[in-house]
Amino acid sequence: FVDCTPVALSPDRLFVARARALARRNGGSVTVTHDPRGGVRGANVLYTDVWASMGEEALFRRRLRLLRPYQVNMAMIRRTGNMGEVIFLHCLPAYHNHDTDVTRKTGALEVADDVFEAPFSKVFDQAENRMHTIKALIVATMTGKGD
């Protein structure tokens with residue numbers, strides 16, 4: 001797992017230490033880099049999220065300035081070196097086109113439309129599976145079989 005995050009938005013050190021320990025225990029690794037160009041090299045999956053969630057509107061301009069170099073676009077997809085194998089994921093909603101009040105002014109944000117709509121984008125498959133995952137968690141919690 002590689003987290004390409006601007007220095008100003010770096011994850012908490014304790015969180016990273018815990019993630020690294022879990023990854024080592026399971027034969028993986030965690031790398032935090034501030035280089036979106038090199039950080040995606042060799043990636044099989046690129047995953048992004050909205051740059052400012054509901055309730056974070058006051059942070060929008062700052063996040064836009066910090067995160068613009070991290071937009072998942074076709075140049076970034078090509079830098080993975082895995083064209084034909086790479087998968088794109090997003091938890092939705094995505095600001096990928098010019099169809100919202102925000103993107104009419106700013107353009108696409110965290111993902112470019114050609115990536116969002118590409119055959120390797122599994123965004124809607126991911127969203128479809130979310131409901132079944134949530135139902136399984138509810139059943140496990142209600143029956144006590146989630147331990």
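Along the sequence shown, residues carry numbers from 1.
The shortest distance between side-chain heavy atoms of H90 and H96 does not fall below 4.5 Å. Taking 4.5 Å as the limit, some side-chain heavy atom of L64 sits within range of a side-chain heavy atom of R68. Using a 4.5 Å heavy-atom threshold, the side chains of F88 and K122 count as separate. The side-chain heavy atoms of V102 and L109, taken from C-beta on, include a pair separated by under 4.5 Å. Counting heavy atoms from C-beta on, the side chains of Q126 and N129 never come closer than 4.5 Å. For the pair L67/L9, a side-chain contact is recorded, criterion being any heavy-atom separation below 4.5 Å from C-beta on.
Remark: T31 engages V2 in a side chain to side chain contact (heavy atoms under 4.5 Å, CB included) (not counting sequence neighbours).
Remark: side-chain polar atoms of E85 are not paired, donor with acceptor, to backbone N or O of N44 under 3.5 angstrom. The closest donor-acceptor contact from the side chain of N73 to the backbone of A112 lies at 3.5 Å or more, if one exists at all. Without hydrogens or angle criteria, D113 side chain to N97 main chain gives no donor-acceptor distance under 3.5 Å. A donor-acceptor pair under 3.5 Å is absent between the side-chain atoms of R41 and the main chain of T80, judged by distance alone. Here the side chain of E56 pairs a donor or acceptor atom with the backbone of S53 at under 3.5 angstrom. Judged purely by atom type and a 3.5 angstrom limit, N26 has no side-chain atom pairing as donor or acceptor with the backbone of G28. A donor-acceptor pair is defined here as one N or O able to donate and one able to accept, closer than 3.5 Å; such a pair exists between the side chain of E57 and the backbone of G55.
Checked against the 6.0 Å centroid threshold, F116 and Y95 do not count as a close aromatic pair.
Within the structure, ring-ring contact (aromatic ring centres under 6.0 Å, His included) contacts touching residues 23-74 (residues at least two apart or in different chains) do not occur.
Under the 3.5 Å distance criterion, with hydrogens and angles disregarded, no donor-acceptor pair is assigned to the side chains of T106 and T103.
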